[in-house]
Amino acid sequence: MSYDFKEIERKWQRFWQQNQTFKAEDLSKAPKFYVLDMFPYPSGAGLHVGHPLGYIASDIYARYKRHQGYNVLHPMGYDSFGLPAEQYAIQTGQHPATTTEVNSKRYREQLDRIGFSLDWSREVKTSDPAYYKHTQWVFIQLFQSWYDKKSEQAKPISELVQCFEREGNRLVQAHCDSDVPLFDAQQWLAMSELDKEQTLQYYRLAFLADIDVNWCPELGTVLANDEIVNGVSERGGHPVIRKKMRQWSMRITAYAERLLKGLSSIDWPQPLKDAQTNWIGRSEGAEVHFEGIDFQAKISVFTTRPDTLFGVSFMTLAPEHELVLKITTESQRAQVEAYIAETAMRSELDRMSDVKRISGVFTGAYVKHPFTAEPIPVWIGDYVLASYGTGAVMAVPCGDQRDYEFAKHFDLPIPNIFEGVDISQEAFADKEKTIIANSDFLNGLSYAKAKATIIARLESEGNGRGVINYRLRDAVFSRQRYWGEPFPIYYDNGIPRALPFEALPLELPEVEQYLPTPEGDPPLGNATKWAWNTQTKQLVDNVHIDHQTVFPLELNTMPGWAGSSQYFNRFMDPQNDDELVSAERVNYWKEVDLYIGGSEHATTHLLYARFWQHFMFDLGKVPQPEFARKLINQGMITGLSAIIYRKSGTQQYFSHNLIDHKNAEAPNFVNHFEKIRVDVSLINGNDELDIEALKAWQPQYKAASFELENGVYTVGREIEKMSKRWHNVVNPDQICDQYGADSLRLYEMFLGPLEQSKPWNTAGITGVHSFLKKLWRLYEQFNEETPTPENLKTLHKTIKKVTEDLDDFSFNTSVSSFMICVNELTAQKCASRAILEPLAVLISPYAPHIAEELWQRLGHAESIVRERFPEFDASYLVESEKEYPVSFNGKLRFKLMLPSDLSKEAIEEAVMKHHKTAQQLAGSPPKKVIIVPGKIINIVH
RNA sequence: GCCUUGGUGGCGGAAUUGGUAGACGCGCUGGAUUCAAAAUCCAGUUUCUUCGGGAGUGUGGGUUCGAUUCCCACCCAAGGUACCA
């Protein structure tokens, strides 16, 4: 009987489904293990072979852990809110929910064919009201919380209100807006409801604020910084402008320090940790206040080099700085205003394209140096950002290259405050080698000492303080879109109020059009009827849920990352209607033990999800502040595009090597041809084009002529992202049809290290496929014979390697080990049950369908899934490796390799024996004998 | 510019703590089987060579008896980030 993978795979997929083999048991006595993939957005294009890479790896690991006796949670769902479905809706009128439904069904079919051991009973969709009810709940909790710096955690806003009623806000240490006014209890009590609320908005973790946003007129929506690439929207490439709008924000900055510190407690890839660290951008320094000389104000600057305070020769403000117009002298006013207008005009794109340009204007104003009282001129310049630090810098040209260039350009003084340093060509910024000079009480001090000294002095004299600054900004949380979670918020005379939990979910209403309203409201402004939890209708009856009338609803929706920020907890308890997750369940499953997904989410999903998890931890709802203990970034599988070359202006196509790709003078230089990408399925393993198939593919090639080399047309190849556009997409269904799911799984792993990105090339799959056929044959006539030592060595060598590989996620080399194992056993003519049984278990995480079938063939009635993973026995290897010889490499060096677990006596004996041999061969006694314990002995002449 | 990761045959990639570089697979060459093909199996496949042996893991140094592996400098590629004071 031959290896009929189609039949086998169908049979076992059905078996697993019918028996619910992979259903995770909640609150089991067995140790838990939670393996999670980043859930996909179900796009219309379906899966290509790049998508399942991470899923296959996590599936292998999940199956391995089951073999080790763990109760494994391995769920899957869909991140189903998103812009493509909405844009499709705008174009076709098709409801995004319908599109999403169709697409996720297709995803499910494709995933099922690969044979994943997923617990589908826990499937979640972020666009499902039963799911986003809990996303809305988290939002309400954030809205009802503030961050207490004293205890370093979030607390209920009601506590804050009590405190205000008791003593005002003077003693409150909260993470809040810097410009919150101070008040006492009486003043608080005297405030109107609206004023009270506006004050609370400075403290809430989810709050409304007028902020400068990136507005994309084309999409009619606000974009986050990370949704903009090179000044245009990531999706669609539309222009983006700056605009002030009232928006919901998330006070993620409150958690900056904890998000930074938390990184050391989790096992995530270093590049990802670095990306988050840089994104948070902690810098330690000082705030220094400079008194105005001819105006009544202080200007504060943030600096990381307070030690260079005596090197200040001017100050630069951002053009948007609030004091600019106030301090500008009459003689400079025209120039300053012109400069401000000019910078406001410049788009982000312009600013980025010439960052090297030096520009600025003198305001005419002076401030006083806090120690020398020298007058310091105040300039404005667009290299200073309004949104970082205080929007003002003290310029120390001798110690900062940008200040240096600015000073050179405008002919400002460059005083030197460094001992023994030449600054005639460039600034000196090496902190480690700094010795301060010409700086009064700082002379002779190092960077660190000078910094500490001056901060102490600034603080004692009241003109500054040590501060820690972060680059991280609060996250804008409103989107002017339809296809997202509605905010559970209504407005009572302009006061935002949260809906009661009993009214949730506040469902996404039907609309006629998915575009903004003529009045410029978001798409939800088109809705006339809203649905809410009818069971509790009476509870919200006093809230007219109809934005047309007394209590308008919030019309924005939440951004894409809202739904993915707690889904990992929801999988623990997906049917729970009362809570996001019950305490009982989350205390059993705790956290994700292995999380696999792409690195593109480093500063978005992964940062926001950590933020929400820390918040949930503060609420006491989850036992761990970090949601994923270990994370692996799988690499991207790129496509290998196939290119044919058409001579410009003709219908003649030239084979790849008939074209000169380098020499621009050649008549057949590549520039005289058009590069056209054709479907990769038209190409065979040798890069040869099937011309007849090409003609059948697109009619335009029927009339074309082809210039061949050696009778074939060879295509050019280029590695690019897999995309329909480039015709280089390989569909996993095709592979499953032709070679089977087990071949696909093995091949994706065999392609290379999991974390590395690599091109897909279907040609190589025959290797793993014929391996499976060999494996199949090996089991064809199993017997009950006792295995030979040689057989056992082969088996245990493989067990050792595969176990090690699984433990450090080098799945690619395991596939090689399996191949070697099967080749050796075939050569040894071994079909002993004692060998084949453990081998089937060993291989089952990688190729589960064939393993199940072989297991059954060995006479087992039960599925292989709960079988224990075979244990490695070192004695089988040692026995046969004792034979290792002394080697003589021609350079009077002798090496003796011994098995790793010999006794000390045995090693000494071996050394003495080979010492003699060495002497005989070399004609002289060895100079030295190097013994690396347990491993290798070198005898050197 | 800065941060990170990487650079090994025609190709994807192996190589324990430094210890026979190129495992395994693809491709290619030759052979067996076959009327023939497919499939399968066997052998060979870094490179140069006067067949003795040289050279060789991006480049140049260093440490070492010994370096793909460790250290220093540089080059190249990919990804992230950017006037962050």
Side-chain angles (χ1 to χ4, degrees), chain A residues 2 226 269-279 281-283 285 301-305 308 315-316 318 351-352 354-358 381-385 387-396 399-403 405-406 469-472 599-600 602-603 633 635-636 638 640 685-687 717 719 746-747 750-753 755-771 773-774 777 800-801 804 810 812-820 823 826 887 889-897 900 926-930 932-941:
Chain A
S2 69
D226 31 82
Q270 197 55 42
L272 199 152
K273 285 187 178 187
D274 289 339
Q276 291 207 349
T277 304
N278 292 338
W279 193 260
R282 182 186 202 271
S283 53
V301 299
F302 172 73
T303 176
T304 54
R305 297 293 306 272
T308 62
M315 175 186 276
T316 316
R351 278 207 191 188
M352 289 201 188
D354 65 350
V355 290
K356 289 277 174 277
R357 197 184 74 147
I358 296 165
D382 68 0
Y383 79 95
V384 180
L385 303 177
S387 52
Y388 182 79
T390 61
V393 302
M394 61 177 220
V396 183
D400 181 285
Q401 193 58 31
R402 279 160 318 172
D403 294 345
E405 278 157 21
F406 196 89
N469 201 30
Y470 297 91
R471 198 187 81 108
L472 185 72
S599 57
E600 67 274 18
T603 52
N633 289 130
M636 189 173 53
T638 45
L640 192 59
N686 297 335
D687 294 350
R717 309 231 74 167
I719 292 170
L746 284 173
Y747 189 52
F750 188 63
L751 229 37
E755 313 205 41
Q756 194 176 302
S757 65
K758 56 238 160 195
W760 176 270
N761 185 0
T762 307
I765 201 170
T766 53
V768 292
H769 188 64
S770 64
F771 154 72
K773 286 194 271 192
K774 274 185 217 167
R777 275 202 301 277
K800 181 168 188 267
K801 180 76 178 122
E804 283 168 2
S810 323
N812 53 328
T813 48
S814 287
V815 183
S816 299
S817 302
F818 290 135
M819 290 178 179
I820 295 167
N823 284 341
T826 308
S887 71
N889 70 2
K891 285 183 188 167
L892 294 184
R893 241 166 256 144
F894 300 88
K895 186 166 68 179
L896 169 64
M897 291 178 89
S900 54
K927 267 189 211 149
K928 63 176 173 179
V929 178
I930 304 164
V932 182
K935 294 268 172 156
I936 290 150
I937 297 165
N938 283 311
I939 302 171
V940 181
H941 277 256

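All figures in this text were calculated on a predicted structure; none of them were measured in a lab. Residue numbers begin at 1 in each chain, while the letters A, B, ... track the order of the sequences.
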Please state how far atom [atom1] in [X] lies from atom [atom2] in [N], giving the value in whole angstrom units.
X        : N     : atom1 : atom2 : answer
A:Leu751 : B:A14 : CG    : P     : 11 Å
A:Arg282 : B:A85 : CZ    : P     : 13 Å
A:Arg777 : B:A39 : CZ    : P     : 13 Å
A:Gln270 : B:U4  : CD    : P     : 8 Å

Anti versus syn assignment for B:G52, with syn defined as within 90° of 0 = syn
Using OP1 and OP2 only, check whether a side-chain N or O of [X] sits under 4.0 Å from [N].
X        : N     : value
A:Arg305 : B:C84 : no
A:Gln756 : B:G6  : no
A:Asn278 : B:C84 : no
A:Arg471 : B:U81 : no

Same-atom distance (P) from B:G19 to B:A67, integer angstrom = 11 Å
ask   = Hey, is the side chain of A:Asp382 pairing donor to acceptor with the base of B:C83 inside 3.5 Å?
value = yes
query = Any idea how A:Phe771 and A:Phe818 line up, ring-wise: parallel (<30°), tilted (30 to 60°), or perpendicular (>60°)?
reply = parallel
task = Could you work out which one of B:G80, B:A15, B:U40 sits closest to the side chain of A:Ala275?
result = B:G80
